[in-house]
Each structure stands twice: as structure tokens, then as C-alpha cells.
Colleague: 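Can you read through this structure? Questions will come right after.
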Amino acid sequence: MISLRRPPEWWHRADVTIRDLPIGLLCIAASFLPGFYGTQIGNLPHRPLDSLAFVAIALECFPLAVRRRWPVVCLALVSVGFAIDQIRGYHSFAGTALPIALLSVGAHLERHRRTAAIAFSVAYVPLAIALIRLDSGEPPIGFVTFYLAMVLAWGFGAWLRSTRVADAERRNRIAEDTRTAERTRIASELHDVVTHHVTAMVVQAEAARYLTASPDRLDQTLTAVSDTGRRAITDLRHLLDLLNPDHGTEARTPSVGRLLTLVEQTRRAGQPVEFTEEGTPAESTGSADLVAYRVVQEALTNALKYAHGSRTSVQVRHAEREITVEVSTDGPGSRAGSPGGSGRGLAGLRERVDVLGGDFSAGAQKTGGFVVRARIPAGSPS
């Protein structure tokens, strides 16, 4: 079986002029082979190759090396060589360089495209007149047909250019959407980490003001503040590792298994929390465990900010294909309880759960208090 080997890497790195030069060299070689003839307009008798023929062939073939770098220069030189070839009656294979040059102009000319098209069309008129005066025998419809064929070559090049531009715009749009999604995700992670830890530290520091008469409890509270700060630094370091391309693919963010640590931290901040975890986590949960952790983290943060001291309940249930989270508090537990809340955290959680195909709700209960519920399908790598 014959296999096509890919060109070596140095060929792809070579200048575009070097890569286009072989086309011209092949046209030159074919022009001197017996039986190889190129484009012929009219019925002028074939003339043997002479010194002027070599000039015409050189003008038609060598400029193909710059067909992508300077497409207009390439077309102008090839057109001059083609005119000499037709008027003198050489009809060499090098005449096939004209449609290649036209295609290249249509595909690679970035500016003054309309001007170039008009100039080429005008330049074709003297050639047609010269051939008519030489009694080439070509009827008018023949000149029109040849012109339309050349326009077709130009149009095909223009189609290639529009396809290339559209593909580049699509890739740029995908890259920009990817960057935007990544920035949004990192911003959401930062919001979750910073808001939760800083809120806990503020609440603990506020409580420390009233414990000056109780050194033991004051020491415990300050220790809790220090521990919370260290956890915040650790989580931020893991998160910032996402921006490091040399960082490995190991887990950089907390998993649902650290929920108990999260609950204990909230309790030390003065929030009475009841924690219940049912079922066994699946072996492969994809992003579900992280999203479940963030749901609990954001709900507890809201409870600390807007319902500090109110009883809070955290229930996590693991099923084979999903994780269910419910966090309820007897207080308002949302930004409605404080004019300074942004609501960004709950909106970000809704987006995360929606991406995984789950359900999310957050709102006040009829009996009072606030509840956050999430059903998160497990196993999605999103």
C-alpha cells in the first residue's frame, strides 16, 4: 500500500516564496517537453521556440514564486509573458500559469481587489485586438468565452479567500468564547472561595471583640480565624494554578468529601449547622462533586452573611447518577436580607448546575427561612 508522507517540518517553516517556486519550475520544465502545449487563443500557426520564447516562458513561470506574497505583481508579469506567447504563436505549456495567477489574486489579494479586476479586464482588450489584427481566426464569442473562463479562475480564488476568512473568524470566535467562558469560570471560583472564607473570618473577628474577658474562647476564635485564612490561601493557590499551563491535571479544587470540613468551619464562625450525608459517592462523578461543594459553600456563606446565628441544615444525598443538595436556614439567607448583597453567587451556581443538565432553585420558604436546592447529574466531565 502506498502511503503519502507528510512534508518535513522545515518545509512548513520555509518562506512562502520557496514553497511556491516549484510550481513555476514545473511549468518551465513542461514547456520544453515535446507534445506539451498550453492555452491557445485563435489559430495562429505554432512558432518554434526562440530567444524571445525563453523570455515569455520566464515571465509566465518564475513570478508564480511570489503569487501569494505579491499576487498583483505575479499577475502583471504573467500577463505580459502570456501576451507575448499568444501574439508570437509559441503556445507553450507556460500559458497555464495565467489561470494560476488569476486564482492566486482572487485568493490572496487583500486590498484594491476591484481595481485589480478592472485593470486586468482593460489589459485583455489590447491582446484581443492584436490577435484579431493578426487574423488569428478566433470569433468574438471565443474571446468572450476565454475571458469568462479567466473570470471563473479569479472567482474560484475569491471563494477560497472567503472560505479562509470565514474559517479564521470562526476559530477566533471559538477562541474568544472559550476565553470568556474560562474567565467567567475563574471569576466564579474566586467569588466562591474569597466570599466564603472572608465572610467566615469577618464573623469570627467580630465575635472576638466580645471575648476579651474569656481568654480561652478568644484564643479559640483567633485560631479559627488563622485556620480560615490558611484555607483561603490554599484554595486560592489551587485556583491560580489553573492559570499555569505547566501545572498538572490533578485535582486543584475541593471535592464533596471536604464538606464536613466546610461545615465545621462555618460552625466555628458561630453558625449552628446540622449536616447529613447519605449514600456513597460514585467512583466517577465528573464535575458534580465540585459543583455540589460550591452549592453548599455559597449557601453557608449566605447564611453567615444574612442569617448569622440562625439554625442551618445541610443535606447531601449521593445516588448512582446524581447528587442532591439541600441547604435551608431559618433566617432570610439571601441577598434580600441585606441591601449590600450582589446575588452573583446564586446566579453563578444556577449556571454551573444548568451546564451539567441539573436543576437549581433558591428562594424563601412559605414557613419562613431560605432554602437552596440542587440536583446535579454525576459523571459529566464538563
Side-chain angles (χ1 to χ4, degrees), residues 3-23 63-75 98-120 148-191 239-249 252-253 286-288 290-291 294 344 347-358 360 376-377 379-382:
S3 60
L4 298 177
R5 297 183 60 183
R6 296 181 60 185
E9 187 65 26
W10 65 265
W11 177 257
H12 294 288
R13 295 196 303 266
D15 186 82
V16 66
T17 303
I18 301 299
R19 286 182 278 147
D20 285 338
L21 181 60
I23 300 178
L64 293 180
V66 296
R67 67 184 187 88
R68 283 188 281 183
R69 183 179 293 277
W70 299 310
V72 172
V73 174
C74 172
L75 178 60
L98 181 62
I100 297 176
L102 287 166
L103 186 148
S104 301
V105 170
H108 301 291
L109 184 61
E110 300 294 338
R111 302 174 59 187
H112 308 300
R113 296 170 58 82
R114 182 175 300 179
T115 302
I118 294 175
F120 170 76
L148 293 178
M150 296 300 99
V151 170
L152 182 63
W154 183 304
F156 182 69
W159 176 79
L160 290 176
R161 177 181 180 275
S162 63
T163 301
R164 185 176 67 250
V165 170
D167 186 61
E169 291 177 350
R170 181 183 59 84
R171 290 197 302 268
N172 291 336
R173 185 169 59 254
I174 292 175
E176 182 61 29
D177 291 343
T178 301
R179 287 192 295 267
T180 300
E182 187 68 9
R183 286 195 296 265
T184 302
R185 185 175 70 87
I186 292 175
S188 182
E189 293 283 343
L190 282 171
H191 173 274
L239 181 58
L240 293 176
D241 281 340
L242 291 172
L243 304 177
N244 181 5
D246 297 327
H247 195 71
T249 57
R252 305 183 181 104
T253 47
S287 301
L290 174 60
V291 174
R294 294 306 187 200
R344 177 177 180 178
L349 290 179
R350 188 183 305 277
E351 293 176 0
R352 294 188 187 189
V353 175
D354 287 344
V355 166
L356 298 183
F360 179 85
I376 309 163
S380 172
S382 300

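For the numbers below, each heavy atom of this structure counts, side chains included, while hydrogens, waters and symmetry mates do not.
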Colleague: Give me the atom names and distance for the closest heavy-atom approach of Pro22 to Ile18.
Modeller: CD-O, 3.2 Å
Colleague: Looking at CH2 of Trp159 and CG of Leu152, how far apart are the two atoms once the value is rounded to the nearest 0.5 Å?
Modeller: 12.5 Å
Colleague: What heavy-atom pair brings Ala153 and Pro99 nearest, and what distance separates the two atoms?
Modeller: CB-O, 3.9 Å
Colleague: Does Ala168 offer a backbone N or O that forms a donor-acceptor pair with the side chain of Asn172 under 3.5 Å?
Modeller: yes
Colleague: Spell out, as yes or no, whether a donor-acceptor pair under 3.5 Å connects the side chain of Arg350 to the backbone of Phe360.
Modeller: yes
Colleague: With the side chain counted from C-beta on, respond yes when Leu75 and Leu102 share a heavy-atom pair under 4.5 Å apart, and no when they do not.
Modeller: yes
Colleague: For the atom pair CG (Leu103) and NE2 (His108), what is the distance rounded to the nearest 0.5 Å?
Modeller: 7.5 Å
Colleague: Sequence neighbours left out, what passes side-chain contact (heavy atoms from CB on, under 4.5 Å) with Arg111? Give chain and number order.
Modeller: none
Colleague: Over all heavy atoms of both residues, which pair between Pro377 and Ala288 is shortest? Give the atoms and the distance, please.
Modeller: O-CB, 3.5 Å
Colleague: Any heavy-atom pair between the side chains of Arg69 and Asp15 that's under 4.5 Å?
Modeller: yes
Colleague: Between CZ of Arg67 and OG1 of Thr17, what distance do you get to the nearest 0.5 Å?
Modeller: 10.5 Å
Colleague: Checking the side chain of Arg68 only, and the main-chain atoms of Ser104 only, is there a donor and an acceptor separated by less than 3.5 Å?
Modeller: no
Colleague: Can you confirm whether Arg170 sits close enough to Asp167 that some side-chain heavy atom of one is under 4.5 Å from a side-chain heavy atom of the other?
Modeller: yes
Colleague: Any heavy-atom pair between the side chains of Leu160 and Phe156 that's under 4.5 Å?
Modeller: yes
Colleague: Closest approach of Ile23 and Ile100, non-hydrogen atoms and distance?
Modeller: CG2-CD1, 4.3 Å
Colleague: Do the side chain of Arg164 and the main chain of Ala107 share a donor and acceptor less than 3.5 angstrom apart?
Modeller: yes
Colleague: With a 4.5 Å cut-off on side-chain heavy atoms, are Leu64 and Asp20 touching?
Modeller: no
